[in-house]
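A, B, ... follow the sequence lines: proteins, then strands. Residue 1 opens every chain.
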Protein chains: 2
Amino acid sequence: MTDQGIELAVSTVIFALRPHPTTGETTLWLPLVRRIRQPHEGRWALPGGPLLPDEDLAASARHTLERTTGLSSSYLEQLYSFGAVDRSPQRVVSIVYWALVRSDEVAGAVDGENVQWCVADEIPELAFDHDGIVQYALNRLRAKITYSPIARFFLSPEFTLAELRAVHEAVLVKRIDPANFRRQALATKTLVPTGSQLTGTSHRPPALYRFQVTSSDRNPR
Amino acid sequence: MTDQGIELAVSTVIFALRPHPTTGETTLWLPLVRRIRQPHEGRWALPGGPLLPDEDLAASARHTLERTTGLSSSYLEQLYSFGAVDRSPQRVVSIVYWALVRSDEVAGAVDGENVQWCVADEIPELAFDHDGIVQYALNRLRAKITYSPIARFFLSPEFTLAELRAVHEAVLVKRIDPANFRRQALATKTLVPTGSQLTGTSHRPPALYRFQVTSSDRNPR
């Protein structure tokens, strides 16, 4: 709290891909934290906390990510700052980041006592304006995957076109025609064949690709 | 100042188009404010101030715009939040907005005692990290004008294709081929002929257009 009467918080929307609990299909998930004090005690909320005096904004978001999931992010970007006067009983301005975490890393992550991973499109009603913030982050992710190679942050450095398409399908929640996807993905010129094939598959193993990343595509911070 | 030791400020980068003082060509300008206290006393800085307890973020940005220029903005959007620990001797987190102001409105605006309009690409060295913030805002404007009809916020509701092209040329600081521009602009489907022509011109008066704005193109707040 401040002389201005305003608390400054940093929250992080963390996305990962995991199988849906009933359909088994690859689906977007995010971790939520149960509030252990008022207001909204007992409600689920985005992980975060007050900005510390000696912490940069992105460092704060990264610490939240590590504290919540035990993971480091492969992608972290500032999303938006939410500061409506009435979003909390006491004035809080939240600077929100969003992060993408690799699926194979999340497989080893377990829910903590007050942390639970939820399907992003099936979350319970959250504390404060956090429902709207999750929707804002989903909109950003779904827009950005259509024009930027951020799908790579969900993938291993080398991947098949089928794996890349599966990420797009999971994020956009729709089927994508394999032939069209292949044509469009290769037309972007950001995909480079590694010259290797997926091993362990028997007949006609699929080719592996990696992203050729230009400086403007790098993780912004 | 706060128990967290952090001040929360809102600043606004305000762009308008005016003739360049030496070349006379239409150019991007922005108003700067001279600091009248330490730190950086006497230096030019972006207009802004502490967030008031009962003010929403966009309202704070709008009040800064009105106070600085005497104008209301046709376009106001959150740009980014800057919060590096060392950006000011005392910790300040600045939530920055950017605004576009119509050229004909700016024509009547005069510089105040501590306010001065400057050519955006020729500003003096600013206080704090404000040079970087101006560059960030210029990058956003120059990217966004290529995929979104924001040029309309610099124009009257009805305009000729030559006027629209002049806005793009001024923002992007480059010549654009009239025939290519015409073809690409009409291909976006957002331009609608009004059925009228520019009056006051003698021979073959140019057609007037307006933007057909969909909900997703509206001013975000």
Here the gap from A:Phe82 atom CZ to B:Asp56 atom CG, rounded to the nearest 0.5 Å, amounts to 13.0 Å

Enclosure of B:Arg182 CZ (heavy-atom neighbours >12, cutoff 6.0 Å)
no

Please walk me through it: do A:Arg91 and B:Leu51 pass side-chain contact (heavy atoms from CB on, under 4.5 Å)?
-> CA-CA 11 Å; A:Arg91 182 108 195 245; B:Leu51 180 65; 3.5 Å; yes

Nearest heavy-atom approach of B:Ser81 to A:Ile95 is CB-CD1, 4.0 Å

Discussion item. Tell me whether the count of non-hydrogen atoms from other residues, nucleotides or ligands lying under 6.0 Å of CZ in A:Arg37 goes above 12.
Written reply: no

What one should report as the nearest heavy-atom pair of A:Leu52 and B:Ile6 is O-CD1, 4.2 Å

